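Report on the following structure.
These numbers were taken from a predicted model, which means no experiment stands behind them. We're numbering straight along the sequence, starting at 1.
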Amino acid sequence: MGRESRKRQAGAGGGAALTMVEYRIRPYREEDYEAVREVFATGMSEYAPALCLHVLRQPWALLALGCTFCLLLASARSLLLPVLALTLLLALARHLLGCAWSTYIDRCLGDDLRDIGAAYAESAGARFWVAEADERVVGTVGVRPADDGADGELALKRMSVRKDYRGLGIATALGRTALAFARQRGCRAVVLNTLMLQHEARALYERLGFRRHRRYVLPTAYGRLVNCTITTYRYDLSGTP
């Protein structure tokens, strides 16, 4: 596939300078395995702080923290104990949520990213691509038949770009590559899911032409507890050039 060149800012403070970065989108190869998993895991790990804030903003969490603070303040008649206790509670909550998010990432790595070549085999109507720059993998994306078995629909999955290479159009190029593949195969649509934390990802998909299809809370006890909202996007290929 062709190469693209974009400028990016390098350095810090007043010494920042623009440098040219050349990248290309190409099909996945077996030697990319560890790099692909690392790009995905690192990108997903960035959402851990946002997850903590999201949970702490839930009404039940705010109520629990407020009641705990007031009860300790009333019994201790001093600000020190309630503040220390609240700090410890917040630290514990951050740790537990971080562990839960790490478990989710590990589950993804053990799913389709455990055997990328098989999960995204072209013979199964799937494909996986990487973005390569500076002689290393800096972005990933894949498509495979939708999990709900809908005929003629592909699911876009594992879109991720290294933080240092964002803002160069790499994610857009990956998305367009996936859409072009689906169009060539005569698919009706490309669908994807996003979590409530993925604001930048949703903006990217909307720029690519995806439209919001539906929105729902994950139908599990944990999903309802933390208001884990999933937004489904859809790109209809019928009638598009």
Atom pair [atom1] ([X]) and [atom2] ([Y]), whose distance is rounded to the nearest 0.5 Å:
X      : Y      : atom1 : atom2 : value
Leu237 : Leu179 : CG    : CG    : 6.5 Å
Tyr104 : Tyr222 : OH    : OH    : 11.0 Å
Gln198 : Ile230 : CD    : CD1   : 10.0 Å
Leu92  : Arg94  : CG    : CZ    : 12.5 Å

Pairwise side-chain contact, [X] with [Y], heavy-atom cut-off 4.5 Å (strictly under):
X      : Y      : answer
Leu204 : Phe210 : no
Asp236 : Arg188 : no
Val36  : Val130 : yes
Tyr23  : Val161 : no

Next item on the list: Any chance you could lay out the side chain to side chain donor-acceptor pair (under 3.5 Å) test for Tyr165 and Asp134, step after step, and finish with the verdict?
Entry: CA-CA 10 Å; Tyr165 290 84; Asp134 298 330; 2.5 Å; yes
When you measure from the side chain of [X] to the backbone N and O of [Y], does any donor-acceptor pair fall under 3.5 Å?
X      : Y      : value
Asp32  : Ala35  : no
Thr103 : Trp101 : no
Arg185 : Ala126 : no
His54  : Leu197 : no
Trp60  : Leu225 : yes
Thr42  : Val39  : no
Thr194 : Arg202 : no
Glu206 : Ala203 : no
Thr140 : Met159 : no

Taking [X] first and then [Y], would you say they form a salt bridge - that is, a charged N and a carboxylate O separated by under 4.0 Å?
X      : Y      : answer
Arg144 : Glu153 : no
Arg114 : Asp112 : no
Glu46  : Lys163 : no

Check: Does the side chain of Asn193 pick up a donor-acceptor pair with the side chain of Tyr233 at under 3.5 Å?
Finding: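 On atom types as modelled, these side chains do not qualify, holding no pair under 3.5 Å.
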Could you see if [X] belongs to whatever hydrophobic cluster contains [Y]? Use Ile, Leu, Val, Met, Phe, Trp, Tyr and a side-chain cutoff under 4.5 Å.
X      : Y      : value
Phe69  : Leu62  : no
Leu156 : Trp129 : yes
Met44  : Tyr33  : yes
Leu88  : Leu97  : no
Val143 : Val191 : no

Next item on the list: Validate the cation-pi geometry between Arg127 and Tyr120: distance from NZ or CZ to the six-membered ring centre under 6.0 Å, angle to the ring axis within 45°.
Entry: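 No, Arg127 and Tyr120 do not form such a contact.
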Check: When you look at CD of Glu31, are more than 12 heavy atoms from neighbouring residues, nucleotides or ligands closer to it than 6.0 Å?
Finding: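 Enclosed: over 12 neighbouring heavy atoms sit under 6.0 Å from CD of Glu31.
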Check: Near Arg37 CZ, under 6.0 Å, is it more than 12 heavy atoms from other residues, nucleotides or ligands?
Finding: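 Yes, enclosed.
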Next item on the list: Determine, step by step, whether Ile116 and Leu113 satisfy the side chain to side chain contact (heavy atoms under 4.5 Å, CB included) criterion, reporting the C-alpha distance in whole Å, the side-chain angles of both residues, the deciding distance to 0.1 Å, and the verdict.
Entry: CA-CA 5 Å; Ile116 302 169; Leu113 294 181; 4.0 Å; yes
Next item on the list: List the steps, then state whether side chain to side chain contact (heavy atoms under 4.5 Å, CB included) holds for Val226 with Leu51.
Entry: CA-CA 9 Å; Val226 302; Leu51 174 65; 5.6 Å; no
Next item on the list: Determine, step by step, whether Glu132 and Val138 satisfy the side chain to side chain contact (heavy atoms under 4.5 Å, CB included) criterion, reporting the C-alpha distance in whole Å, the side-chain angles of both residues, the deciding distance to 0.1 Å, and the verdict.
Entry: CA-CA 6 Å; Glu132 189 178 64; Val138 300; over 6 Å; no
Check: Between Arg162 and Arg136, is a side chain to side chain contact (heavy atoms under 4.5 Å, CB included) present by the stated rule, with each step listed?
Finding: CA-CA 11 Å; Arg162 290 185 188 274; Arg136 65 172 181 159; 3.9 Å; yes
